[in-house]
K.L.:
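Let me begin by handing over the structure; questions about it come next.
The figures that follow rest on heavy atoms only: side chains count, while hydrogens, waters and symmetry mates do not. As the structure is a computational prediction, the values presented were derived from the model and not from experiment.
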Amino acid sequence: IVKAIITNRDVTSAVICSNNGALLAQENSSDPKTDIALGELLVEKASNIGVGVDCGDLDRIVLTGLENRFYFQQQEENMLLLSLTKKSSAVTVFK
């Protein structure tokens with residue numbers, strides 16, 4: 001799955017891990033442990049935000065930094081974290 005995802009020119013790295021933080025697959029990540037830690041932090045923050053805006057748990061998050069974007073998606077027991085180019089759009093990445 002990560003090999004297929006990474007073929008998208010806007011995706012620079014892909015990490016899939018379980019909800020308990022175990023690495024399942026990765027492609028082009030320079031530091032999967034840091035990526036997983038970011039995913040775990042996003043799960044916690046997404047839960048707080050979802051409660052705060054009364055919309056339940058958020059299942060997708062896009063963060064934009066100075067040089068790139070991070071896309072996070074949680075599905076059942078796994079998390080997907082992608083590093084995207086700054087000019088990318090999460091919408092176009094998954095078309």
Side-chain angles (χ1 to χ4, degrees):
I1 293 172
V2 291
K3 288 185 185 297
I5 292 171
I6 206 77
T7 61
N8 183 307
R9 63 183 167 87
D10 290 326
V11 178
T12 58
S13 71
V15 173
I16 298 175
C17 67
S18 66
N19 284 338
N20 67 3
L23 179 65
L24 301 175
Q26 70 89 17
E27 191 70 28
N28 293 350
S29 174
S30 60
D31 189 355
K33 287 183 182 181
T34 299
D35 290 343
I36 291 170
L38 174 60
E40 290 171 336
L41 176 67
L42 291 176
V43 167
E44 177 186 330
K45 297 301 179 187
S47 178
N48 293 338
I49 291 168
V51 168
V53 296
D54 196 28
C55 70
D57 289 337
L58 303 177
D59 61 353
R60 288 183 214 147
I61 300 169
V62 178
L63 299 175
T64 302
L66 293 175
E67 298 299 320
N68 56 3
R69 293 178 188 256
F70 294 98
Y71 175 90
F72 167 80
Q73 183 171 343
Q74 186 170 11
Q75 289 186 317
E76 297 177 19
E77 299 177 9
N78 297 323
M79 295 185 286
L80 170 67
L81 185 63
L82 305 178
S83 180
L84 308 173
T85 62
K86 177 149 175 102
K87 294 182 179 182
S88 68
S89 164
V91 173
T92 59
V93 166
F94 287 96
K95 278 190 175 182

K.L.:
Indicate the atoms forming the closest heavy-atom contact of Asn78 with Ser18, along with that distance.
P.N.:
OD1-CA, 3.7 Å
K.L.:
Measuring from Leu81:CG to Gln26:CD, what's the distance to the nearest 0.5 Å?
P.N.:
11.5 Å
K.L.:
Looking at every heavy atom in both Ser83 and Phe70, which two are closest together, and how far apart are they?
P.N.:
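Heavy atoms only, the tightest pair is OG-CE2, 4.1 Å.
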K.L.:
Specify the closest pair of heavy atoms between Leu84 and Asn68, including all atoms of both residues, with the distance to one decimal.
P.N.:
O-CB, 3.0 Å
K.L.:
May I ask whether Val62 and Leu41 are part of the same hydrophobic cluster, defined by side-chain heavy atoms of I, L, V, M, F, W, Y residues being less than 4.5 angstrom apart, directly or through others?
P.N.:
no
K.L.:
Which heavy-atom pair separates Ser88 from Thr85 by the least distance, and what is that distance?
P.N.:
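For Ser88 versus Thr85, the nearest heavy atoms are OG-O, 2.6 Å.
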K.L.:
Sequence neighbours left out, what passes salt bridge (charged side-chain N to carboxylate O under 4.0 Å, His left out) with Lys3? Give chain and number order.
P.N.:
Glu27
K.L.:
Could you point out which residue of Gln74, Glu40, Glu77 forms a side-chain hydrogen bond (donor to acceptor under 3.5 Å, both in side chains) with Asn19?
P.N.:
Gln74
K.L.:
Going through the checks in order, is the side chain to side chain contact (heavy atoms under 4.5 Å, CB included) test met by Leu23 and Val15?
P.N.:
CA-CA 8 Å; Leu23 179 65; Val15 173; 3.8 Å; yes
K.L.:
Carefully, step by step, assess Ile5 and Leu80 under the rule side chain to side chain contact (heavy atoms under 4.5 Å, CB included).
P.N.:
CA-CA 11 Å; Ile5 292 171; Leu80 170 67; 4.1 Å; yes
K.L.:
Evaluate whether atom NZ of Lys86 has more than 12 neighbouring non-hydrogen atoms of other residues, nucleotides or ligands under 6.0 angstrom away.
P.N.:
yes
K.L.:
Could you see if Ile6 belongs to whatever hydrophobic cluster contains Val2? Use Ile, Leu, Val, Met, Phe, Trp, Tyr and a side-chain cutoff under 4.5 Å.
P.N.:
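Yes, same cluster.
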K.L.:
Taking a hydrophobic cluster as the set of Ile, Leu, Val, Met, Phe, Trp and Tyr residues connected by side-chain heavy atoms closer than 4.5 Å, whether directly or through intermediates, do Tyr71 and Ile16 fall within one such cluster?
P.N.:
yes
K.L.:
Just verifying a value: how many Å separate Lys87 NZ and Arg9 CZ, rounded to the nearest 0.5 Å?
P.N.:
11.0 Å
K.L.:
For Ser29 and Ser13, indicate whether the former's side chain and the latter's backbone hold a donor-acceptor pair under 3.5 Å.
P.N.:
no
K.L.:
Would you give the length of the straight line joining atom SG of Cys17 to atom CG of Asp35, rounded to the nearest 0.5 angstrom?
P.N.:
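Interatomic distance, Cys17 SG to Asp35 CG, rounded to 0.5 Å: 9.0 Å.
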K.L.:
Nearest 0.5 Å please: distance from the OG1 atom of Thr12 over to the CZ atom of Arg69.
P.N.:
12.5 Å
K.L.:
Is the number of heavy atoms from other residues, nucleotides or ligands under 6.0 Å of Ile1 CD1 greater than 12?
P.N.:
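For Ile1, atom CD1 is not crowded (no more than 12 foreign heavy atoms under 6.0 Å).
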